[in-house]
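What follows is one structure encoded as structure tokens, with my remarks underneath.
Predicted model, so just to flag it, every value in this text is computed and none were measured. Letters A, B, ... mirror the listed sequences (proteins, then strands); counts begin at 1.
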Amino acid sequence: MTKLSSKKDNPKVILELRDVVKTYTTGNTSFNALNKVNLSINQGEFVSITGPSGSGKSTLMHIVGLLDIPTSGEVLLNNLDIAHFDEKKLAQIRNVTLGFVFQQFNLLPKTSALENVMLPLLYSDVPQHLRRDLGVEMLTKVGLADKLVNTPSQLSGGQQQRVAIARALINNPKIILADEPTGNLDSKSGSDIMAFFHQLNQKEGRTIVFVTHDRDLANEADRIIIIKDGQIQIEQHPRHVET
Amino acid sequence: MVKYKLNNTPAMLKPSLGELVRSSFHSIFKNKSRTFLTSLGIIIGVTSVILLTSIGNGLQKYVNDQFDSLGSNTVFIVPGQIFNDKGGFNNSSQNRLVTTRFSLNDVATLRKGLRRSQILPLSQAVVDVKSGPILKKAKSLVGVTSDYGAANNALPSSGNGRWFTKDEEDKKSNVVVLGYQIALDLFPTTSPLNKKIVIKGKNLKVIGILDKKGSTFGGPSLDDFIYTPIGLVFDINGNQDIQSMYVKAPNKDLVPTTKDEISKLLLKKYDKDAFSVFDSSQLLSSINAIIGTLTIALSGIAAISLVVGGIGIMNIMLVTVTERTREIGLRKAIGAYPNAILLQFLFEAIFLSCFGGLIGIMLGSLGAFAINKVFPAIVTPGSVLLAFGVSSAVGIIFGVAPARKASQLSPIEALRYE
Ligand SMILES: Nc1ncnc2c1ncn2[C@@H]1O[C@H](COP(=O)(O)OP(=O)(O)OP(=O)(O)O)[C@@H](O)[C@H]1O
Ligand SMILES: [Mg+2]
């Protein structure tokens with residue numbers, strides 16, 4: 001497989017998967033949700049992952065996000081194999097370096113939007129007196145300045161998704177991993193979120209990997225990865241396809 | 001935009017202690033029904049253990065106090081066989097039929113045979129007592145000698161009159177010394193001293209009131225007794241029967257030989273089953289054996305209520321484990337390391353148990369205080385510690401064990417837990 005050039009001249013690989021297999025065993029049947037996946041993501045890249053339902057996109061994102069461990073294969077972050085990291089180190093990376101947006105939001109129930117957004121700060125070194133302001137700033141950034149005290153059950157699906165995005169951003173992560181961030185949004189809010197991601201990528205230089213079912217949204221990325229049956233089928237540069 | 005620079009020396013503990021406390025309180029108040037139900041288990045457990053053990057302790061102390069006031073050198077002589085072979089109380093019904101009565105001759109025999117001991121005969125009558133319009137039925141009138149009060153530490157304290165004299169005893173003077181409670185009952189508003197009470201048509205002058213002997217519990221109490229010269233009771237009963245005798249040995253060490261000598265003297269006249277000679281330690285150990293059994297039974301009930309409380313706590317913890325496991329998964333996903341999660345749940349469990357435990361201690365102590373009005377009940381630090389310790393342990397074990405397990409799952413496994 002040929003590696004496509006990134007928009008940067010001298011790309012630095014920030015995340016890499018080597019022969020990653022994830023096997024789920026239910027009863028006495030095993031199922032390979034990921035089957036020998038090789039993937040590398042460069043710093044500052046904007047990557048979309050697409051593919052049919054059940055193809056293994058979320059599974060892949062969880063492994064990239066250090067939320068789950070592969071059955072076999074290696075995961076490298078900044079060229080370091082994460083198998084050598086202990087739980088505490090992994091937690092710290094999840095806290096500071098990675099910002100994860102879940103397909104199911106995963107907000108704490110009965111807890112205000114602001115507190116949900118501030119949750120990662122609890123485990124960070126950000127000074128106490130700045131935390132609230134930071135939380136408000138993030139919610140303002142995603143357009144929810146008027147919903148600070150609402151609990152998840154008092155928010156629409158799209159608003160919950162934006163709270164989840166604000167939470168992913170609060171620790172100023174280098175890499176943002178978003179699993180269907182626009183799945184619950186109408187096309188207008190969806191493109192707002194995409195515009196927001198573009199801004200995070202271009203102005204702030206963050207690496208962004210997002211999953212989507214929407215071909216048009218996928219095409220907005222620097223690179224599209226298409227997954228089928230737990231294997232990467234095609235990696236393509238959308239502008240090559242379009243032109 | 002909020003700008004900040006990270007400290008070069010990051011905090012050792014993330015979250016900090018203050019944040020842990022704050023977030024524990026948050027979680028506890030966010031889930032009010034869970035908090036209430038969990039605490040309820042602890043409250044029930046602690047309250048019942050404190051109540052039940054306080055009754056056992058109170059009973060023990062009550063009995064010991066009663067015997068202390070009699071003195072350890074006292075030997076009792078009563079009709080019938082009151083102990084069985086095993087040292088417990090004799091329960092066979094035929095003993096109730098024993099009608100041995102001692103006589104003044106026996107007193108004389110003992111006095112002659114035991115020159116160094118003090119012999120105190122008692123003759124009792126059950127009588128109705130009147131004081132003005134107040135009538136108290138079926139009270140114990142106890143006929144004793146003039147030295148009874150001093151020998152039994154039962155002299156009225158100063159200001160409360162006196163015991164009767166040898167002269168008054170010999171002349172069968174119409175005088176009485178009232179127990180603490182009966183004095184209150186007969187004279188609720190005035191001082192009984194030098195007032196008259198009427199028993200069997202006789203006008204008797206109150207010359208002394210005794211101090212309170214101890215808390216009452218059911219049955220006849222020493223505080224309900226009326227003491228009078230023994231000859232007066234002979235007259236009321238129409239005979240010179242003596243129901244029991246106290247013998248004060250010269251000292252505690254001479255109690256066994258005194259008992260032997262008494263038995264020897266009485267056996268000349270009576271059958272060996274007709275009377276019992278025993279001392280307070282013997283009686284005390286028998287009673288303590290009974291209380292011991294009772295206390296074990298009470299502790300058993302207390303243990304059951306602790307288990308019930310524990311099951312209550314367990315239930316709530318199990319029910320909320322799903323919710324909590326997902327919460328743990330999320331916290332791990334956004335950067336909580338395992339110890340941070342354990343600490344948080346430990347804090348929550350400790351707060352919950354302390355909250356329930358304190359309320360339980362309060363309720364239990366209040367309950368014991370209320371019970372103490374009719375039945376001796378004492379709250380001891382030991383029972384508080386036991387109840388609190390066991391309940392807290394249950395809360396912490398069942399609160400933290402699932403958290404510990406969840407904190408070892410991968411974040412995604414925990415998030416998917418159902
Ligand atoms: N915990 C699990 N146990 C067993 N099988 C699982 C588990 N999680 C996922 N799978 C299976 O792995 C496959 C990939 O699942 P995954 O969630 O990665 O799909 P996806 O591409 O994200 O789908 P969607 O677009 O619907 O979100 C599916 O067939 C799913 O049934
Ligand atoms: Mg998915």
Side-chain angles (χ1 to χ4, degrees), chain A residues 22 58-59 61-63 65-69 86-100 102 104-112 115-138 140-141 151 164 167-168 170-173, chain B residues 1-24 26-35 320 322-344 407-418:
Chain A
K22 180 70 189 179
S58 294
T59 308
M61 289 295 273
H62 294 153
I63 285 174
L66 311 191
L67 299 173
D68 212 352
I69 35 168
D86 64 3
E87 270 289 332
K88 197 164 176 175
K89 179 75 183 161
L90 288 176
Q92 201 194 351
I93 295 170
R94 289 195 288 261
N95 186 235
V96 178
T97 312
L98 302 170
F100 204 100
F102 295 91
Q104 279 91 10
F105 320 144
N106 288 325
L107 301 175
L108 282 187
K110 302 184 198 168
T111 305
S112 74
E115 283 175 276
N116 262 298
V117 169
M118 286 163 64
L119 203 58
L121 298 180
L122 210 54
Y123 308 104
S124 76
D125 289 317
V126 174
Q128 297 264 0
H129 63 281
L130 293 176
R131 293 182 178 182
R132 209 193 125 83
D133 292 350
L134 214 53
V136 174
E137 183 190 320
M138 290 305 144
T140 311
K141 218 167 171 180
T151 61
R167 181 180 63 193
I170 196 153
N171 257 334
N172 199 18
Chain B
M1 184 166 161
V2 178
K3 287 262 197 285
Y4 62 90
K5 227 179 131 221
L6 292 184
N7 278 341
N8 289 333
T9 49
M12 290 303 288
L13 189 65
K14 287 181 281 185
S16 69
L17 216 57
E19 284 173 308
L20 275 173
V21 172
R22 197 144 25 93
S23 81
S24 304
H26 247 257
S27 159
I28 285 171
F29 286 110
K30 213 165 58 193
N31 301 288
K32 288 196 187 65
S33 56
R34 186 185 78 200
T35 301
T320 54
T322 312
E323 179 192 324
R324 320 269 14 220
T325 302
R326 292 209 183 105
E327 180 189 332
I328 289 169
L330 173 69
R331 285 179 185 270
K332 287 194 77 169
I334 59 166
Y337 51 95
N339 280 348
I341 286 173
L342 269 191
L343 272 180
Q344 186 204 333
S407 75
Q408 285 160 351
L409 296 172
S410 84
I412 283 301
E413 277 174 300
L415 270 169
R416 265 201 293 246
Y417 184 88
E418 49 194 29

Quick one: are [X] and [Y] in side-chain contact, heavy atoms under 4.5 Å?
{"X": "B:S16", "Y": "A:Q128", "answer": "yes"}
{"X": "A:L67", "Y": "B:K332", "answer": "no"}
{"X": "B:Y337", "Y": "A:N95", "answer": "no"}

Query raised in the report: For B:Q344, is it the side chain, the backbone, both or neither that has a heavy atom under 4.5 Å from a heavy atom of chain A?
Result: side chain
Report summary line: So, the part of B:A336 with a heavy atom under 4.5 Å from chain A: the answer is both
Where on [X] is there a heavy atom nearer than 4.5 Å to chain B: the side chain, the backbone, both, or neither?
{"X": "A:Q104", "result": "neither"}
{"X": "A:R131", "result": "side chain"}
{"X": "A:T140", "result": "neither"}
{"X": "A:I69", "result": "neither"}

From [X] atom [atom1] to [Y] atom [atom2], the distance as rounded to the nearest 0.5 Å:
{"X": "B:E413", "Y": "A:D68", "atom1": "CD", "atom2": "CG", "value": "6.0 Å"}
{"X": "A:L108", "Y": "B:I334", "atom1": "CG", "atom2": "CD1", "value": "7.5 Å"}
{"X": "B:I412", "Y": "A:M61", "atom1": "CD1", "atom2": "CE", "value": "11.0 Å"}
{"X": "A:L119", "Y": "B:S23", "atom1": "CG", "atom2": "OG", "value": "9.0 Å"}
{"X": "B:H26", "Y": "A:T111", "atom1": "NE2", "atom2": "OG1", "value": "8.5 Å"}

**Report entry** Check against side chain to side chain contact (heavy atoms under 4.5 Å, CB included), B:L330 and A:R167
**Finding:** CA-CA 12 Å; B:L330 173 69; A:R167 181 180 63 193; 3.5 Å; yes
Query raised in the report: Looking only at heavy atoms, which two atoms of B:K30 and A:P109 are closest? And how far apart?
Result: CE-O, 4.1 Å
